[in-house]
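Throughout, numbering of the chain's residues begins at 1 and tracks the sequence. Keep in mind that this is a model prediction, so the values were computed, not measured.
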Amino acid sequence: MAQFLDLRAFILRARVLKFYRQALRMTRRAPEHARDELRQTVRAEIEKNRHCDDKQKIKFLISEGLQRLKGLDEMLDMTGNG
């Protein structure tokens, strides 16, 4: 039977998926030898928290992930992979 989400849960799920897509796009900028490992790391982090139902924790994880992506983006810029 299908599980229905309330509006807040639906929006939060959309934010998680948006973050995941953004992280995967960022891996394309990484050096070719590191891309697969970086993709696997991103996926593992998402999967690790897949069944989390705590909305506050999910918001925190998204925020933390965005900070980590920003750091990766800056590192890639410094190494000339942009």
Side-chain angles (χ1 to χ4, degrees):
M1 184 165 201
Q3 177 184 354
F4 294 101
L5 302 174
D6 66 348
L7 181 60
R8 287 192 177 110
F10 180 79
I11 291 171
L12 196 55
R13 181 178 185 275
R15 286 182 60 202
V16 169
L17 293 174
K18 179 181 177 182
F19 166 74
Y20 183 55
R21 285 190 301 270
Q22 185 178 358
L24 289 178
R25 282 188 201 106
M26 182 76 64
T27 64
R28 293 184 201 152
R29 293 182 47 211
E32 196 167 331
H33 66 276
R35 286 181 192 158
D36 287 337
E37 183 180 353
L38 194 52
R39 276 189 208 109
Q40 290 172 357
T41 302
V42 168
R43 182 174 175 112
E45 287 294 316
I46 294 290
E47 286 291 328
K48 183 170 73 174
N49 296 295
R50 179 181 200 147
H51 299 290
C52 178
D53 290 334
D54 183 0
K55 290 180 174 73
Q56 286 300 108
K57 182 177 180 183
I58 294 170
K59 289 177 184 177
F60 171 77
L61 290 169
I62 291 170
S63 175
E64 184 179 287
L66 288 171
Q67 287 177 345
R68 290 171 70 179
L69 273 185
K70 184 178 178 184
L72 177 61
D73 186 38
E74 291 170 358
M75 184 186 73
L76 291 171
D77 284 343
M78 285 191 293
T79 59
N81 291 304

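- Under the 4.5 Å side-chain criterion, counting only non-hydrogen atoms from C-beta, Leu72 is in contact with Leu38.
- Within a 6.0 Å radius of CG in Asp53, other residues, nucleotides and ligands contribute 12 heavy atoms or fewer.
- Under the 4.5 Å side-chain criterion, counting only non-hydrogen atoms from C-beta, Thr27 is not in contact with Thr41.
- When all heavy atoms of Ala23 and Val42 are compared, the closest pair comes out as CB-CG1, 3.8 Å.
- By the 4.5 Å heavy-atom criterion applied to side chains, Leu69 and Phe19 are counted as neighbours.
- Side-chain contact between Leu17 and Arg13: present, with at least one pair of heavy atoms (C-beta onward) separated by less than 4.5 Å.
- When all heavy atoms of Asp36 and Arg39 are compared, the pair lying nearest together is OD1-NH1, 3.0 Å.
- Of all the heavy atoms in Lys57 and Cys52, the pair that sits closest is CD-SG, 3.7 Å.
- To the nearest 0.5 Å, the span separating CD1 on Ile11 from CG on Leu7 amounts to 4.0 Å.
- Among residues two or more places apart in sequence or in another chain, the side-chain hydrogen bond (donor to acceptor under 3.5 Å, both in side chains) test is passed with Arg50 by Glu47.
- Closest non-hydrogen pair, Lys59 versus Arg15, comes out as CG-NH1, 4.2 Å.
- Within 6.0 Å of CZ on Arg35 lie more than 12 heavy atoms contributed by other residues, nucleotides or ligands.
- A heavy-atom distance below 4.5 Å is found between the side chains of Asp77 and Arg29.
- From Met78, atom CE reaches atom CG of Asp73 across 10.0 Å, with rounding to the nearest 0.5 Å.
- Taking Phe60 as the reference, Glu64 meet the side chain to side chain contact (heavy atoms under 4.5 Å, CB included) condition, with sequence neighbours excluded.
- With hydrophobic clusters built from ILVMFWY side chains whose heavy atoms lie under 4.5 angstrom apart, Leu66 shares a cluster with Met26.
- Between the NZ atom in Lys48 and the CD atom in Glu45 there is a gap of 4.0 Å [rounded to 0.5 Å].
- Gln56 CD to Leu12 CG: the interatomic distance, rounded to the nearest 0.5 Å, is 9.5 Å.
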